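Here the structure is a predicted model, which is why all the values come from computation and not from measurement. Residue numbers count from 1 along this sequence.
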Amino acid sequence: MGINTERDIEANMQIGPTDAGMVRIFIESQGFEVPMDFDPEEAEEIAEEILAAAKAARSVAEKPRR
């Protein structure tokens, strides 16, 4: 399994600040809960990685297929 392996699994994701000053990404799927806490600087790095991935995905989608 890798980043390009598709799965038919539904999940809910919430992102927000905690009362401890962390940023939490909370994922719930099929009875499992995965809370991931990051300090604000780490959260900003993750946000930058997501934006870079979106840009790369957009460029792949815009390339004409042969």
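- Residues passing the side-chain contact (heavy atoms from CB on, under 4.5 Å) test with A53: none are found, sequence neighbours excluded.
- In this structure, CZ on F32 lies 10.5 Å from CD1 on I9, to the nearest 0.5 angstrom.
- With a 4.5 Å cut-off on side-chain heavy atoms, S29 and N12 do not count as touching.
- Checked against side-chain contact (heavy atoms from CB on, under 4.5 Å), I15 has the following partners two or more places apart in sequence or in another chain: M13, V23, I25.
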Determine, step by step, whether M36 and I27 satisfy the side-chain contact (heavy atoms from CB on, under 4.5 Å) criterion, reporting the C-alpha distance in whole Å, the side-chain angles of both residues, the deciding distance to 0.1 Å, and the verdict.
-> CA-CA 8 Å; M36 296 177 285; I27 300 172; 3.7 Å; yes
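- Considering only residues two or more places apart in sequence or on other chains, D19 meets the side-chain hydrogen bond (donor to acceptor under 3.5 Å, both in side chains) condition with none of them.
- Of all heavy-atom pairs spanning F38 and A43, the tightest one is CB-N, 4.1 Å.
- With sequence neighbours excluded, no residue satisfies side-chain contact (heavy atoms from CB on, under 4.5 Å) with E48.
- The stretch residues 30-46 participates, sequence neighbours left out, in these salt bridge (charged side-chain N to carboxylate O under 4.0 Å, His left out) pairs: R24-D37.
- Under the side-chain contact (heavy atoms from CB on, under 4.5 Å) criterion, S59 pairs with no residue, sequence neighbours left out.
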